[in-house]
Amino acid sequence: MARMKFICDAERCIECNGCVTACKNENDVPWGVNRRRVVTLNDGVPGEKSISVACMHCSDAPCMAVCPVNCFYRTDEGVVLHDKDVCIGCGYCSYACPFGAPQFPSKGQFGVRGKMDKCTFCAGGPEKHGSQAEFEKYGRNRLAEGKLPACAEMCSTKALLAGDGDMVADIFRQRVVMRGKGAEVWGWGTAYGTNKNAKPEGTRS
Amino acid sequence: MKLQLLMGALALGLLGGCGEKPQNLAEGGGSRGSPAYQGTGVAAFTAPGWKAGDETSWVHELRARGQWGQNEYTRITPR
């Protein structure tokens, strides 16, 4: 297996927010935290584009680099996870992340910032797979159940692709070849390499 | 002699600062917890078609699930 990646196909996303709902439901995400959100560019203008954004599980994750307590780790599948027992909620990762993935639940009258919460690629955390402790802290561990992230599996137009990087890139490349446009993969270059690498070969946009 | 030893120790210390941490895929903070292919042990939620603990079958299951779930071009006849 290469490594797990997300691709959002802006030509297909219809801003239904099904991925956001699926994520919140599957992982029992608390109020005020959205691990995934849909961003629309040029909203209301003909030709507007929407993309679903969450943690991209970057190859060289800036959040890992800036964390002062080293709470982040990367699994063998390339999923960037964090240990909430180590996190001190400093917020450095949220400043470093280009996708605005780290979220902080705020509680109480003064909005005291809690421990960081972010997309886990539905891969849970360091606790025992499928345990109650893992679910309460990180949500479902669908990867260990042999499933892909709920957001991608629930996407009605299959705009959001998740899974092995080679596989999702192949699916996207085939789509671009068939429709003859829309080869831009927003966020792909930032997360996994240069923009040059982001564009599948032999396509026109 | 003492000065040479002192200078040597100082040079080693300074060179140590130039070291680089390993940046392999599975490193950087260290992987924690067991691998995903070990499964959850909860049969009710586990997808059929693979065996917990068998990495190859887990990889194949995820690839197959990704293809038939996300790629409609595998289900239609190309024009």
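Below, all heavy atoms of this structure are taken into account, side chains as well, without hydrogens, waters or symmetry copies. Reminder, nothing fancy here: chain letters follow the sequence lines and each chain counts from 1.
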Option in Ala61(A), Cys71(A), Gly163(A), Ala65(A) with maximal non-hydrogen atom pairs under 4.5 Å from chain B: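 Heavy-atom pairs under 4.5 Å are most numerous for Cys71(A).
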For chain B, which residues of residues 146-160 of chain A have heavy atoms nearer than 4.5 angstrom: Gly146(A), Lys147(A), Leu148(A), Ala152(A), Glu153(A), Lys158(A), Leu160(A)
Partner set under side chain to side chain donor-acceptor pair (under 3.5 Å) for Thr40(A), not counting sequence neighbours: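 With sequence neighbours excluded, Thr40(A) shows a side chain to side chain donor-acceptor pair (under 3.5 Å) to Glu15(A), Ser50(A), given in chain and number order.
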By side chain to side chain donor-acceptor pair (under 3.5 Å) - contacts of Glu134(A) (at least two apart): Asn141(A)
Check: Phe45(B) and Arg142(A) side chains under 4.5 Å, non-hydrogen atoms: no
Test item: Arg65(B) and Met167(A) side chains (from C-beta on) under 4.5 Å apart, heavy atoms: no
Heavy-atom donor-acceptor pair, Trp58(B) side chain to Glu145(A) backbone, under 3.5 Å: no
Donor-acceptor under 3.5 Å (His129(A) side chain, Ser34(B) main chain):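 Yes.
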Part of Arg140(A) lying under 4.5 Å from any heavy atom of chain B: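 The side chain, not the backbone.
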Chain B contact via Val79(A) - which portion, at a heavy-atom distance below 4.5 Å: neither
Closest heavy-atom pair and its distance - Met4(A), Leu62(B):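 Distance-wise, the nearest heavy atoms are CE-CD1, 3.5 Å.
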Which atoms of Gln70(B) approach chain A - backbone, side chain, both or neither, heavy atom under 4.5 Å: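 It is both, since atoms from each part get that close.
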Residue selection (most heavy-atom pairs with chain A, distance under 4.5 Å) from Thr56(B), Asn71(B), Val42(B): Asn71(B)
Euclidean distance, Asp170(A) CG relative to Gln67(B) CD, rounded to 0.5 Å: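 Gln67(B) atom CD to Asp170(A) atom CG measures 7.5 Å (nearest 0.5 Å).
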Value rounded to 0.5 Å, distance of CD in Glu72(B) from CE in Met178(A): 9.5 Å
Show which side-chain atoms of residues 83-92 of chain A pair as donor or acceptor with protein atoms under 3.5 Å away, not counting sequence neighbours.
residue, atom, partner, partner atom, Å
Asp83(A), OD1, Asp85(A), N, 2.9
Lys84(A), NZ, Asp117(A), OD2, 2.6
Lys84(A), NZ, Lys137(A), O, 2.7
Asp85(A), OD1, Lys137(A), NZ, 3.0
Asp85(A), OD2, Lys137(A), NZ, 3.0

